[in-house]
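One-based numbering along the sequence shown. The figures here come from the full heavy-atom set of this structure, side chains too, leaving out hydrogens, waters and symmetry mates.
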Amino acid sequence: MYFLYADESGDVGTKNSPTKYFCLSGFVVHELRWHETLEAIINVVVDKQNKAQEIDVFEMAWTTLIQRFHNTLSYKNFPGPQNADDRGMLVVDRTDEVKLRNMTRRMRRYNPIPSAYGGASLAKPITTIVEDAVHRDSLHSYFIQLADVNAYFLLQKYDPCKYVKNKGGTNYFSRLNSALCTVACKSHSQGIVVR
């Protein structure tokens, strides 16, 4: 089984929002490597500048992260040990628990994927994610803290604050290159899914 530890950076607002982007970072670890782990990170960025005000940024970002986790599990693209029929579980920092639970339950039954070639969407229910997301305070999980740092520097990669610019931290996220799940998005060199 794979665990995806995830955290957010930025806010989901589209009107009068202090951030241009909403970022999610997921740290993936296999059960057999939990103690000595550094396996892969999945990252999603929602560029809110090009979206209609009524768009649900939270749902867009989390749907994308869950779909990429599901796809990577389905195609057995995570490095390292694997079981014959691996599944995954979401372990997330405190977020909108009800909304995330309802969304993932719906995705298990109805998960339309736009066709890459135009035409009708494909129905691909999420079958590899077990149970509802487990919400934990990052204070009690080193892996959620790691996802938090990664999400923060992912946001800083796209929209650095003055402090990060002055300290030269805008390239911090690039230090993760060897651990990034680049198969999550083949059109981006770091595998970041930009929506």
Side-chain angles (χ1 to χ4, degrees), residues 3-29 33-69 72 78-79 90-97 99-100 133-195:
F3 296 94
L4 177 109
Y5 294 88
D7 202 0
E8 312 161 335
S9 190
D11 71 283
V12 296
T14 56
K15 185 176 181 181
N16 299 322
S17 171
T19 63
K20 298 175 188 174
Y21 302 95
F22 177 72
C23 300
L24 277 175
S25 187
F27 179 75
V28 180
V29 59
R33 292 287 186 259
W34 196 87
H35 290 284
E36 68 270 10
T37 253
L38 275 181
E39 289 291 343
I41 299 157
I42 298 174
N43 298 283
V44 175
V45 174
V46 176
D47 182 349
K48 300 185 300 182
Q49 300 170 95
N50 304 322
K51 306 292 184 273
Q53 288 185 1
E54 60 275 359
I55 196 79
D56 189 333
V57 174
F58 179 92
E59 185 162 331
M60 177 184 280
W62 280 101
T63 296
T64 302
L65 184 76
I66 291 166
Q67 287 171 342
R68 299 305 164 119
F69 185 43
T72 308
F78 285 120
L90 303 172
V91 183
V92 303
D93 197 8
R94 299 267 180 221
T95 188
D96 190 335
E97 185 171 350
K99 190 171 186 175
L100 184 58
V134 176
H135 294 257
R136 297 195 59 200
D137 188 324
S138 62
L139 178 66
H140 305 294
S141 172
Y142 290 128
F143 288 149
I144 293 176
Q145 291 173 20
L146 179 61
D148 180 45
V149 169
N150 294 344
Y152 174 76
F153 280 105
L154 177 59
L155 178 62
Q156 296 306 308
K157 173 184 175 67
Y158 283 87
D159 191 21
C161 67
K162 185 177 178 180
Y163 179 81
V164 169
K165 281 183 191 176
N166 290 342
K167 295 296 184 181
T170 56
N171 293 323
Y172 174 84
F173 191 81
S174 296
R175 292 181 175 190
L176 303 173
N177 283 345
S178 65
L180 295 176
C181 183
T182 57
V183 297
C185 182
K186 294 178 182 173
S187 64
H188 191 285
S189 63
Q190 292 179 306
I192 300 168
V193 184
V194 181
R195 302 278 321 259

* Asked: For Ala151, which residues count as a side chain to side chain contact (heavy atoms under 4.5 Å, CB included) partner, sequence neighbours excluded?
  -> Ser9, Ser25
* Asked: What distance separates Asp93 CG from His140 NE2, expressed to the nearest 0.5 Å?
  -> 10.5 Å
* Asked: How many angstroms lie between atom OG1 of Thr19 and atom CG of Leu155, to the nearest 0.5 angstrom?
  -> 6.5 Å
* **Pairing residues for Arg136 by the side chain to side chain donor-acceptor pair (under 3.5 Å) criterion, not counting sequence neighbours** => none
* Evaluate the side-chain proximity of Thr95 to His135: yes if any heavy-atom separation is below 4.5 Å, no if none is. => yes
* **Listed once per pair and sorted, the ring-ring contact (aromatic ring centres under 6.0 Å, His included) pairs that draw on residues 167-195, sequence neighbours left out** => Phe153-Tyr172
* Short side-chain to backbone donor-acceptor contact, Gln156 and Cys161, under 3.5 Å -> yes
* Go through the structure and list residues passing side chain to side chain donor-acceptor pair (under 3.5 Å) with Thr63, not counting sequence neighbours. => none
* Once you round to the nearest 0.5 Å, how far does CZ of Arg94 lie from CG of Leu139? -> 11.0 Å
* To do: Say whether, by atom type as modelled, one donor and one acceptor occur between the side chain of Gln145 and the main chain of Ser138 under 3.5 angstrom.
  => yes
* Asked: Can you name the one residue among Val57, Asp96, Val12, Leu24 that meets side chain to side chain contact (heavy atoms under 4.5 Å, CB included) with Trp62?
  -> Leu24
* **Summary of salt bridge (charged side-chain N to carboxylate O under 4.0 Å, His left out) pairs that have at least one residue in residues 145-161, sequence neighbours excluded** => none
* Asked: Quick one: CD1 on Ile192 to CZ on Arg68, what's the gap to the nearest 0.5 Å?
  -> 12.5 Å
* Asked: Is there side-chain contact between Cys181 and Thr72, with at least one heavy-atom pair below 4.5 Å?
  -> yes
* To do: Mind jotting down which residue pairs meet the salt bridge (charged side-chain N to carboxylate O under 4.0 Å, His left out) criterion with at least one end in residues 46-55? Sequence neighbours excluded, please.
  => Asp11-Lys48
* To do: Sequence neighbours left out, what passes side chain to side chain donor-acceptor pair (under 3.5 Å) with Glu97? Give chain and number order.
  => none
* Asked: Taking atom CG of Leu180 and atom SG of Cys185, what is their separation to the nearest 0.5 Å?
  -> 12.0 Å
* Asked: Got a sec, which residues hit salt bridge (Lys or Arg N to Asp or Glu O under 4.0 Å) with Lys165, two or more places apart in sequence or on another chain?
  -> none
* Spatial distance of atom CD1 (Ile55) from atom CE (Met60) [nearest 0.5 Å] -> 4.0 Å
* Structure fact -> Closest heavy-atom pair, Ala133 versus Val92, reported as atoms and distance to 0.1 Å, is CB-CG2, 4.3 Å
* Structure fact -> Applying side chain to side chain contact (heavy atoms under 4.5 Å, CB included) to His35 and not counting sequence neighbours gives none
* Taking the side chain as every heavy atom from C-beta outward, state whether Leu4 and Leu65 have any pair of such atoms under 4.5 Å apart. => yes
* Exam field: side chain Asn166 to backbone Tyr163, donor-acceptor pair closer than 3.5 Å -> no
* Asked: Asp56: what forms a salt bridge (Lys or Arg N to Asp or Glu O under 4.0 Å) with it, not counting sequence neighbours?
  -> Lys99
* Structure fact -> For Asp7, the side chain to side chain donor-acceptor pair (under 3.5 Å) test, sequence neighbours excluded, returns none
* Asked: Which residues pass the ring pair (Phe, Tyr, Trp, His ring centres under 6.0 Å) test with Phe143, sequence neighbours left out?
  -> Tyr5, Phe27, Trp34
* To do: Find out whether Ile42 and Phe78 are in side-chain contact, i.e. whether some heavy atom of one side chain is under 4.5 Å from a heavy atom of the other.
  => yes
